There are 2 protein chains.
Amino acid sequence: MEEPRKRARPGRAPAPPGRTSRPRQAEVARLAGVSQATVSLVLGAKKQGSAISAETRQKVLDAARSLGYVPDPAARRLAAARNDLLGVFSFTATFPTDVQHSYYPFLVGVEQEAAARGYDLVLFTGSSSGGAGASGPDALSRVRLADGCLFLGRHAPTEELRRLVEDGFPVVHIGRRDELEGLAWVGADYVSASHEVVDRLAALGHRRIVLVREDDEAPASTDREHGFLKGLEQAGLPAGPEAVFRTADPARTLTPQRLRRWLDEGVTAFVAEETDTGNAWRALRAATAEAGLDCPRDLSLALLGSPPPDLDGETVPAGFDIPRPQLGAAAVRLLAALVAGEEAAEPLVACPYRPGVTAGPPPTGP
Amino acid sequence: MEEPRKRARPGRAPAPPGRTSRPRQAEVARLAGVSQATVSLVLGAKKQGSAISAETRQKVLDAARSLGYVPDPAARRLAAARNDLLGVFSFTATFPTDVQHSYYPFLVGVEQEAAARGYDLVLFTGSSSGGAGASGPDALSRVRLADGCLFLGRHAPTEELRRLVEDGFPVVHIGRRDELEGLAWVGADYVSASHEVVDRLAALGHRRIVLVREDDEAPASTDREHGFLKGLEQAGLPAGPEAVFRTADPARTLTPQRLRRWLDEGVTAFVAEETDTGNAWRALRAATAEAGLDCPRDLSLALLGSPPPDLDGETVPAGFDIPRPQLGAAAVRLLAALVAGEEAAEPLVACPYRPGVTAGPPPTGP
DNA sequence: GCGCATTACTAATGCGCATTACCCCGCAGG
DNA sequence: CCTGCGGGGTAATGCGCATTAGTAATGCGC
């Protein structure tokens, strides 16, 4: 029997007037002649598909389809604590006007992998663009709508991130990020990739190789140096301090004269790290040209990363590529694992060697 | 007094064991010594900030701060009947491997405008990528998850779209789409833009202009022709059928000989439509080069759209640009209006004229 | 023919928050 | 002294769904 509780009618208005509101499970249930719970069971059909007769199941499915029923993600999440949504958060605009700095390559992989796993993506905007809920101490709180969240770029505020991590919210950072204990991340394996570049050069016959790097303590830089030196050692080549040329301003210090001196000393190959600016590589190329040297013939060059996009596209440098789409995909995989309560796996993604045209055998004879 | 309802404990587990769940309003309330409702009132503080004493308010705020309270977006949305989420759906991958076909330029504008309006974006994957909920008759149902949805590309199945539209679900299509009554869309104003190109050429002194178009019935093509012809008429130039050269295979039919004949007939300027392939423009450029003609000097060329990205970047064609970011932004604005229950406004976005270097005064004398 | 296990559902409940309806209290007016 | 009234809160309720306890119906064995 119904209680006469008509006097109380809290909550919001029943439905936006004028247009059909989205169907609820209750409506599906009514149409199918079953209870709401049954609808939930049928539609939420997990692996344990039992306890529902095929007939009833079909009735429900038909009803749901005919009404165009779609579960409300908010309600779903509230009740089940998941909604098959992965967040993507970048402190700078995800789609900056300057395509060069965009996260596009990552997103290619993120989208694919997410799609393959049945996740949709939530792009959290407000981050930079000064939108409505732009910043503030709880700027990152919105990401909690998703089951988990990917973070791109180093600009996500550490404190906010810590908060999420501590709350057990699944978070994966694209790009190594060690300063925050417990933060899951995926990153390129610069060590191995740099190592391999040395291997290749050594295999070509080079016996003295110099790394040109900028004066920077980023993990990406030190990783490369580390792999480079390890490669030298393993190849039995001189790996002392003289094998690394570290300079704050490659354009000034890496002169053609300096280059010739190295050659005179028996150096036959140079390796530059990739940085935001690409200055190391740029300087190396410039010095080579100014010195009137031919690259694959007189000396070999390799770039530990991708060439600056503005540089002559004809000359593909030897070195390795950073597999950004794969990184994105790996991030999604890791995030999915975290969401599922599993533990993190290998965070490093291999960078494939790129033969390019700037490396060859060392020149023979004097 | 508490009822002994301990036997029943439905719902999901209280919290993932082992980690602190983030605070709820209830905890804030307890700490502040008030009720949950009061917390909600204080934190949800809208314009009607009354009915709460300053003292209580402060207690609540302090408690919330000290606990680091952050509202659960899902719950908030459930209660408030909106999620501040806009969908973005593209039948093909949103971030295809081939950057050329990506919707990136649109998304730039979409993201900005969405951010400015406090919306987050949901990228519906599964569409093409063959993911979990890939296709099926209700493939589009998922978009109902958001408050409204943007559609990119012409491939979204009409029937599914109709369904959404009929249900009153706010939908905006990027790119003109007339076949579906009631479907809101935003598109570039090709008619006006093409018209203006003719104006400019006429102003430069050209008296006979020919449009080269491919054999295609897309609205984008017919719009351009329409604007072109209107421009001719208004400028008092010959706008008969001979002003339009329509061909299925520009590369074969647009020979240098054909070009010379036109010139002999007094034609001094050519206009090509932009298509997926860019064949019309390509053929025009090729014929000019093969005929040994100099572009700005011997004849003027204009392109109704953006040049194919693979074409020599040095030569900026005269014509107009398709303001994709603005289109994206306009789409968001329109969608936001629909979500708010307002009516659609002007769907056309103007295309700015691009002077370029391929148009100049007609050659003087024979 | 009764106990008991299955099967096939339904009823009840709560997730976290927003939104009333209502209540309590002190004070002014009749 | 009772009533009216407004400020300041609180209890109750529901959003839409998932989950689980409970129940009716049926089957089965002895």
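Small disclaimer: the values here were computed from a predicted structure and weren't measured. To find a chain, count down the sequence lines: A is the first, B the second, and so on, and within it residues start at 1. What's counted below: heavy atoms across the whole structure, side chains too, no hydrogens, waters or symmetry copies.
- Rounded to an integer number of Å, the gap from CZ of A:R77 to C1' of D:dA18 is 14 Å.
- With both pairing distances under 3.5 Å, D:dC30 is matched to C:dG1 as a Watson-Crick or G-U wobble pair.
- To the nearest angstrom, P of C:dA18 lies 13 Å from CD1 of B:I52.
- With a cut-off of 3.5 Å on both pairing distances, the Watson-Crick or G-U wobble partner of D:dG4 is C:dC27.
- Under 4.0 angstrom from either OP1 or OP2 of D:dG9 there lies at least one side-chain N or O belonging to B:T56.
- The CD atom of A:Q25 sits 13 Å away from the C1' atom of D:dC15 (whole-angstrom rounding).
- A sub-4.0 Å separation between OP1 or OP2 of C:dG16 and a side-chain N or O of B:R76 is absent.
- Contact annotation: B:S35 does not reach the phosphate of D:dG9 (side-chain N/O to OP1 or OP2, under 4.0 Å).
- Between B:L43 atom CG and C:dA18 atom C1' the separation is 12 Å, expressed in whole Å.
- To the nearest angstrom, P of D:dT10 lies 14 Å from CZ of B:R30.
- As rounded to whole Å, 15 Å separates atom P of C:dT7 from atom CZ of A:R57.
- Under 4.0 angstrom from either OP1 or OP2 of D:dG9 there lies at least one side-chain N or O belonging to B:S53.
- Across the protein-nucleic acid pair, A:K59 atom NZ and C:dA8 atom P stand 13 Å apart, rounded to whole Å.
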Q. Between B:D72 and B:R24, does a side-chain contact (heavy atoms from CB on, under 4.5 Å) hold up when you go through it step by step?
A. CA-CA 8 Å; B:D72 179 330; B:R24 316 288 161 189; 4.3 Å; yes
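- Taking atom CZ on A:R24 and atom P on D:dA18, their separation rounds to 13 Å, with Å as the unit.
- Counting non-hydrogen atoms of other residues, nucleotides and ligands closer than 6.0 Å to CD of B:E181 gives a total of 12 or fewer.
- Nearest-nucleotide mapping onto DNA chain D: of B:A75 and B:G33, the residue sitting toward the 5' end is B:G33.
- Which of D:dT10, C:dC17, D:dC17 sits closest to the side chain of B:S40 comes down to C:dC17.
- For A:D147 (side chain) and A:V339 (main-chain N/O), no donor-acceptor pair under 3.5 Å exists by modelled atom type.
- A salt bridge is absent between A:R57 and A:E55; no separation between the charged side-chain nitrogens and carboxylate oxygens falls under 4.0 Å.
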